[in-house]
Amino acid sequence: MTIIRVSQISEYVDQEVTIQGWVYNRTHKGKLVFLLVRDGSGFVQCVAFKGDLDEELFEQIAHIPQESSIRVIGSIRADGRAPGMPGGYELGIKHLEIIQAAGEDYPMALKEHGVDFALEHRHLWMRMPSQWAILRVRATVTRAIREWLDNNGFVQMDTPILTPAACEGTTTLFETPYFDEGMAYLAQSGQLYNEANIFAFGRVYCFGPTFRAEKSKTRRHLTEFWMVEPEAAFTDLDGLMEIEEQFITHIVQCVLRDCPNELKTLERDTTRLEQVCGPFPRISYDEAADLLKQMRDETEDPEQKELLAFEWGMDFGAPHETALTNRFDKPVFVYGYPTQVKAFYMEPWPGRPEVCKSVDLLAPEGYGEICGGSERISDPDLLLERLHQHNLPEEAFAWYLDLRRYGSVPHSGFGMGVERCVSWLCGIDHIRETIPFPRTIKRVYP
RNA sequence: UCCUCGUUAGCUCAAUUGGCAGAGCGAGCGGCUGUUAACCGCUAGGUUCCUGGUUCGAGUCCAGGACGAGGAGCCA
């Protein structure tokens with residue numbers, strides 16, 4: 001008997017097959033029982049008719065607990081009434097074997113749940129269609145990331161997770177004892193190592209978990225999140241933006257192409273996503289500041305006026321990013337931030353030392369920053385000066401300074417937060433649903 | 001760290017001025033041949049977050065605490 005996966009069901013119409021999975025839902029109507037069975041690849045309705053089965057089996061099916069694991073045999077038929085994913089096909093049950101009857105106290109009702117309850121039961125919550133869809137989009141995003149980078153000359157170089165000190169000297173890090181060497185810190189970025197790697201490989205990327213111990217409690221923050229960081233030699237800020245827009249375009253198009261069912265499950269309006277292809281609008285920080293002033297002057301709402309309060313030199317807050325991105329249909333680049341709000345290694349703007357060659361990419365529909373990057377300082381003397389200005393220990397950065405002494409070149413790179421990207425593509429409002437087991441300031445379970 | 005809010009059945013929530021602890025969903029049993037969050041009937045299910053106080057009487061008022069959420073700052 002052919003064992004098939006639900007995602008392939010349309011190829012087996014009128015054939016007798018076996019499906020292995022779990023009972024997601026059960027409803028019955030006298031002599032009919034409908035089981036909604038999921039197998040990881042999709043959801044399919046299986047129908048038991050009393051007249052077709054011996055009485056003991058029918059009774060067993062009629063009382064099978066939710067989430068029981070089963071093996072079901074029957075023939076596939078097309079039927080527009082059948083729910084499921086992809087839907088429109090159902091299996092007429094000829095035989096069913098219960099692998100394990102689930103306990104009758106399964107806690108996840110097929111309704112909405114509060115945040116705390118859902119997160120406490122993350123190990124079960126992920127079985128539900130919305131979470132199944134989001135996490136499959138995530139898998140598509142990570143595949144698209146590797147695909148584009150691998151196809152465009154970027155070599156994957158894994159950077160260390162245990163690191164000797166702060167990468168940028170600002171954010172709070174998780175620390176752990178490290179033998180006789182004092183404390184080691186969980187990586188908050190692989191960028192500095194990437195900068196070493198480009199001198200050997202030209203274009204590289206690292207892709208892995210990243211850790212920030214900041215007590216951020218917002219819908220945009222996790223303490224453990226995944227970041228991809230490409231870095232390219234012989235690339236200036238304009239070149240970096242070209243890379244970013246091709247990269248993002250590829251990711252969006254892969255998701256639209258490969259995840260239509262998932263996006264439909266999430267009721268994502270894809271018309272906005274379909275407009276996402278490069279080139280993206282580019283505005284300077286100065287222009288963004290003017291735009292914000294203009295928007296603040298135009299609004300009548302005093303609350304909005306206060307939220308949009310802004311002075312040159314500030315970094316953008318979430319309300320500023322939302323207001324800015326609402327003016328555009330595509331992701332928008334904001335480049336040339338004030339040097340004082342950015343990291344020490346960013347190349348100054350020619351003739352304007354108060355501004356640096358940095359660029360953030362803001363996603364539309366209010367999702368805000370998904371990529372942050374810059375052209376890096378390539379002059380060894382300037383880099384040393386910046387280290388001193390930021391009170392960073394020169395010895396710890398000796399290897400990093402070496403990179404500017406032996407064949408320094410203009411180079412640039414950026415980081416993209418996977419969870420923020422997936423949130424945007426899925427149209428959900430909190431990034432904790434975009435990673436299988438989210439780590440937040442208040443949660444390390446399960 | 002700061003500001004705001006919340007905690008009542010397995011889940012989502014209601015409970016009027018301080019006056020008998022409720023509903024829907026979920027679970028169990030029964031009914032129905034096309035359900036889409038089916039529907040109908042019955043049953044079970046409670047330390048109202050904790051501690052103390054006021055009161056004849058507290059889910060409700062007061063004080064303290066615990067836990068959680070949203071936002072700010074910081075960032076991806």
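The chains referred to below are lettered A, B, ... by the order of the sequence lines, with proteins before strands, and numbering in each begins at 1.
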Query raised in the report: After noting the C-alpha distance and the side-chain angles of A/Arg386 and A/Gln389, does the key distance pass the side-chain hydrogen bond (donor to acceptor under 3.5 Å, both in side chains) rule?
Result: CA-CA 5 Å; A/Arg386 285 291 157 80; A/Gln389 282 169 3; 3.2 Å; yes
Query raised in the report: If you check the A/Glu104 side chain, which of B/rC32, B/rA27, B/rA76 turns out closest?
Result: B/rA27
**Report entry** Of the listed nucleotides B/rG31, B/rC29, B/rA72, the one nearest the side chain of A/His63
**Finding:** B/rC29
Query - Pairwise C1' distance for B/rU4 and B/rG41, with rounding to whole Å - result: 46 Å
Report task. Select base, sugar-phosphate, or nothing to describe what A/Lys215 touches, counting heavy atoms under 4.0 Å on all strands. Result -> base
Please list, for nucleotides 4-11 of chain B, all pairs of protein and nucleotide N/O atoms separated by less than 3.5 Å.
from: B/rC11; atom 1: O2'; to: A/His113; atom 2: ND1; distance (Å): 3.0

Report summary line: Looking only at B/rC29, B/rA38, B/rA76, the nucleotide nearest the A/Lys29 side chain is B/rA38
Report task. Check if the side chain of A/Ser216 and the base of B/rC74 share a donor-acceptor pair of N or O atoms closer than 3.5 Å. Result -> yes
Please write out the pairs of protein N or O atoms and N or O atoms of nucleotides 65-70 of chain B separated by less than 3.5 Å, giving the distance to one decimal.
from: B/rA69; atom 1: N7; to: A/Lys217; atom 2: NZ; distance (Å): 3.2
from: B/rG70; atom 1: OP1; to: A/His430; atom 2: NE2; distance (Å): 3.0
from: B/rG70; atom 1: OP1; to: A/Arg432; atom 2: NH1; distance (Å): 2.6
from: B/rG70; atom 1: OP1; to: A/Arg432; atom 2: NH2; distance (Å): 3.0
from: B/rG70; atom 1: O3'; to: A/Arg219; atom 2: NH2; distance (Å): 3.1

Query raised in the report: Between B/rU54 and B/rU60, how far is it from one P atom to the other, in whole Å?
Result: 15 Å
**Report entry** Ionic contact status for A/Arg138 with A/Glu262, cut-off 4.0 Å
**Finding:** no
**Report entry** Centroid distance under 5.5 Å and plane angle under 30°, A/Phe225 vs B/rA76
**Finding:** yes
**Report entry** Closest to side chain of A/Glu214, choosing from B/rC74, B/rU35, B/rC75
**Finding:** B/rC74
Query raised in the report: Does a side chain donor of either A/Glu195 or A/Tyr400 reach within less than 3.5 Å of an acceptor in the other side chain?
Result: yes
Query raised in the report: So does A/Arg77 pair up with A/Glu16, basic N to acidic O under 4.0 Å?
Result: no
Query - Nearest-neighbour nucleotide for the A/Ile431 side chain, B/rA76, B/rG31, B/rG34 considered - result: B/rA76
Requested in this report: Taking atom types as modelled, find out whether A/Tyr345 and A/Gln191 have a side-chain donor-acceptor pair closer than 3.5 angstrom.
Outcome: yes
